[in-house]
Undergrad: 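Please read through the structure below; I'll follow up with questions.
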Amino acid sequence: AQKVTQAQTEISVVEKEDVTLDCVYETRDTTYYLFWYKQPPSGELVFLIRRNSFDEQNEISGRYSWNFQKSTSSFNFTITASQVVDSAVYFCALKRGNAGNMLTFGGGTRLMVKP
Amino acid sequence: NAGVMQNPRHLVRRRGQEARLRCSPMKGHSHVYWYRQLPEEGLKFMVYLQKENIIDESGMPKERFSAEFPKEGPSILRIQQVVRGDSAAYFCASSPSGTGGQETQYFGPGTRLLVL
């Protein structure tokens, strides 16, 4: 069975602070894919990143960075110098590599960035 | 460059009525997925369809819910005899294909269903 846990339900930071959103996953598959999505107050889901299980390189995109560690089954997301526009619910998701097409989502982390 | 389209964005129904939710995938995408998001919860998979085929409906409630993706036109999620517990946001996603596992699913803006 697949499972994604986002232990932080809500985080509040002040603008310009760095913040890390945790994601821990469970799977028996050797090939799998991890995703992060952002859900701003307007409600839509915005794709941020996809990571393959066989590629543990960390990734940086502007103020966003992702740390994938298979040894701890974690795929954490860091926002550097947070801004008010980063306020949203962030979801981590897992997809099996060779069977099934569904995404298994974590419960989400609500990030509030205060000015 | 249209993304995934869903309509209506908001839908209000009284208990016992039917709800029809529509989803048009991104151009070039032939695979559609439906997810439900209950208040303050993450998204839960419901069904995966290709044109004229239901591939995986393991997350779909056995009664009152059905989905289709006809050869022409949008995918439809249909809820018959709605109950208050059906109130949720329903998201549609699409991908170019379903194979390879690595396909990214791109989501629509969702339909917020409120059952009175």
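To find a chain, count down the sequence lines: A is the first, B the second, and so on, and within it residues start at 1.
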Undergrad: Are A:F35 and A:L94 linked, directly or through other ILVMFWY residues, by side chains that come within less than 4.5 angstrom of each other?
TA: no
Undergrad: When you compare the side chain of A:F91 with that of B:L43, does any pair of heavy atoms fall below 4.5 Å?
TA: yes
Undergrad: Does CG in B:L116 sit with more than 12 non-hydrogen atoms of other residues, nucleotides or ligands closer than 6.0 Å?
TA: yes
Undergrad: Count the heavy atoms belonging to other residues, nucleotides or ligands that lie under 6.0 Å from CZ of B:R15, then report whether that count exceeds 12.
TA: no
Undergrad: Indicate, with yes or no, if B:V4 and B:Y48 share a hydrophobic cluster defined by side-chain heavy-atom contacts under 4.5 Å among Ile, Leu, Val, Met, Phe, Trp and Tyr.
TA: yes
Undergrad: Got a second to check how far A:I49's CD1 is from B:T104's OG1, nearest 0.5 Å?
TA: 10.0 Å
Undergrad: What's the separation between atom CG in A:N101 and atom CD1 in B:I55, rounded to the nearest 0.5 Å?
TA: 8.5 Å
Undergrad: Under a single-linkage definition using a 4.5 Å side-chain heavy-atom cutoff for Ile, Leu, Val, Met, Phe, Trp and Tyr, are A:L34 and A:F105 assigned to the same hydrophobic cluster?
TA: no
Undergrad: Please look at A:Q39 and chain B and tell me whether the side chain, the backbone, both or neither of the residue comes under 4.5 angstrom of a heavy atom of that chain.
TA: side chain
Undergrad: Tell me, out of A:G108, A:G106, A:A93, A:G43, who's got the most heavy-atom pairs with chain B below 4.5 Å.
TA: A:G43
Undergrad: Select all residues of residues 81-92 of chain B having any heavy atom within less than 4.5 Å of some heavy atom of chain A, and report them by number, or 'none'.
TA: B:F91
Undergrad: Under 3.5 Å, sequence neighbours excluded: what are the donor-acceptor pairs made by side chains of residues 17-26 of chain A?
TA:
| from | atom 1 | to | atom 2 | distance (Å) |
| --- | --- | --- | --- | --- |
| A:D18 | OD1 | A:A81 | N | 2.8 |
| A:T20 | OG1 | A:T78 | OG1 | 2.8 |
| A:Y25 | OH | A:Y32 | OH | 2.6 |

Undergrad: So which atom in B:P109 and which in A:E44 form the shortest heavy-atom distance, rounded to 0.1 Å?
TA: CA-CB, 4.0 Å
Undergrad: Looking at the rings of A:F47 and B:F107, which for Trp means the six-membered one, are their centres under 6.0 Å apart?
TA: no
Undergrad: Does a sphere of radius 6.0 Å around NZ in A:K114 hold more than 12 heavy atoms from other residues, nucleotides or ligands, not counting ones at 6.0 Å or beyond?
TA: no
Undergrad: So, A:K95 side chain and B:E103 main chain: donor-acceptor pair closer than 3.5 Å or not?
TA: yes
Undergrad: In terms of heavy-atom contacts, does NZ of A:K70 have more than 12 from other residues, nucleotides or ligands at under 6.0 Å?
TA: yes
Undergrad: Is the backbone N or O of A:L103 less than 3.5 Å from a side-chain atom of B:Y35, with the two atoms forming a donor-acceptor pair by type?
TA: yes
Undergrad: Would a single hydrophobic cluster contain both A:F68 and A:V4, if residues Ile, Leu, Val, Met, Phe, Trp and Tyr are joined by side-chain heavy-atom contacts under 4.5 Å?
TA: yes
Undergrad: Would you mind checking which part of B:E41 comes under 4.5 Å of any heavy atom in chain A, side chain (CB onward), backbone (N, CA, C, O), both or neither?
TA: backbone
Undergrad: Is it the side chain or the backbone of B:Q37 that comes within 4.5 Å of chain A heavy atoms, both, or neither?
TA: side chain
Undergrad: Using heavy atoms and a sub-4.5 Å threshold, report which of residues 59-72 of chain B line up against chain A, by residue number.
TA: none
Undergrad: Look at the side-chain heavy atoms of Ile, Leu, Val, Met, Phe, Trp and Tyr, link any pair under 4.5 Å apart, and say whether B:Y106 and B:M46 land in one connected group.
TA: no
Undergrad: Which members of residues 7-16 of chain A, sorted by number, sit under 4.5 angstrom from chain B on a heavy-atom basis?
TA: none
